Amino acid sequence: MEHWNIGTLEHNKKRFIILGIETSCDETAASLLEIKHQKNKPSFKILSKVIASQIPIHSKYGGIIPELAAREHIKKIIPVIKKSLTLNPSAIDLIAVTTGPGLITSLLVGVESAKTLAYAWEKPLMPINHLKGHIAVNFINNQPQFPALGLIVSGGHTELVLIKKYNQYKKIGQTRDDAAGECFDKVAKLLGLGYPGGPIISQYAQKAKEVRKEIKLPRPMLNSLDYDFSFSGLKTAVLYLVKKTPCSERNKKLISQICKETQQAIIDVLIKKTLKAAREFNVKSIILGGGVIANKELRIQFSEKIKELKIPAKLLIPAREFCPDNATMIAAAAYFKYINSTNKQIDNLKNNWKKIKANPNLEI
Ligand code: KG4
Ligand code: ZN
């Protein structure tokens, strides 16, 4: 238990309640997370988890329209927070809000709402990095061993991070162009399948038994010596493939095969790079997070490959419902930031609503 610094919790509180708020992209979310301490060990209970998804609004356009996202967050933020409050707000010990990275107009709604509540309720407010949330959701009633390697794969990010201990992150690689989720979304759009692309592509992929050899796609940067990724070429390769296929052959069977191959190309690169880093940094855990981690094939193949290559690391994967954006992950990240804070840092949280700002380019 060397990594827990529960003593920093005020009077070593037995029951600690965090309200998480998340509006970085196209989900308006709030969640109450309860942490109880017994024998200096935390146990977590999710008291509420509310998400208002904007997918039906953006799907018409094949991607997120920031202006529409912000307007929808404004409409939904109070009803969502209200619904998440399954207990009297006086019981809340800490408010946690995503301050970045994300769309600035979306972030502002959550940040300003959280600041208002912190002021009105006189509660401490903690700014949270969205990407750390995608990792920290794994720590709810699950213990990693450190050092750990984190792979975050979402619609806006593809990053590999070394995690020395709770809340100590160091980025070692990232995408140089499109994120993996963005690649799923763009390929789905050019195949006319709708938005978001990940779930649709994976459904089509399941229908294809095999992939014709003419449909082979590249695995960008598979063997590069760094831990970076690149996915924009994959989308272009699909575009050329579709263009050179005669219209008469562009049927569901072909679409399913392209989906299977696109999904496999992304999976191959993500797994190979992650396991290479896991070996080189001798990590004891591999922790996955982000919307793309909901992909069933990716989850299965990650586990299989770790076994096959006998990598001595524990694999942590969030339950599928915790892969897309949610506010429980923000509350979880806040808990681990809190217990790793000094008394002075904790003290500074009081009345700090004036200082907290949204930062769309926040780095891990
Ligand atoms: O983490 P997330 O909900 O939002 C961001 O922070 O970006 O990730 C959204 C991304 C989208 O690109 C979506 O297509 C992808 O996650 N995604 C998936 C699946 N479900 C969602 N990608 C592949 N397979 C899935 N089953
Ligand atoms: Zn996300």
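Every value quoted in this text rests on a predicted model; they were computed, and no experiment measured them. All ligand and atom numbering here is 1-based and tracks the order in the structure.
In H130, the part holding a heavy atom less than 4.0 Å from any atom of ligand 1 is the side chain. Residue contacts with ligand 1 for N295 involve both N, CA, C or O and side-chain atoms from C-beta outward (heavy atoms, distance under 4.0 Å). The proximity of H157 to ligand 1, defined as any non-hydrogen pair under 4.0 Å, does not occur for either the backbone or the side chain.
Tested against E261 for a salt bridge (Lys or Arg N to Asp or Glu O under 4.0 Å), the candidates R212, R219, K213 yield a single pass: R219.
In this comparison of G63, C25, G155, the heavy atom closest to atom 10 (C) of ligand 1 sits on G155. The heavy atom nearest to atom 22 (N) of ligand 1, out of those in G198, S154, C323, is found in G198.
Remark: D177 does not engage K235 in a salt bridge, criterion side-chain N to carboxylate O under 4.0 Å.
At least one N/O-N/O distance between D185 and ligand 1 falls below 3.5 Å. The N/O atoms of P324, backbone and side chain alike, include none that comes under 3.5 Å of an N/O atom in ligand 1.
In plain terms, the two heavy atoms of P66 and T105 that are nearest each other are O-OG1, 3.9 Å.
Annotation: salt bridge (Lys or Arg N to Asp or Glu O under 4.0 Å) contacts involving residues 310-322, sequence neighbours excluded, comprise K49-E321.
Distances shorter than 2.8 Å separate the Zn ion (ligand 2) from the protein N/O/S atoms H130 NE2, H134 NE2, D325 OD1.
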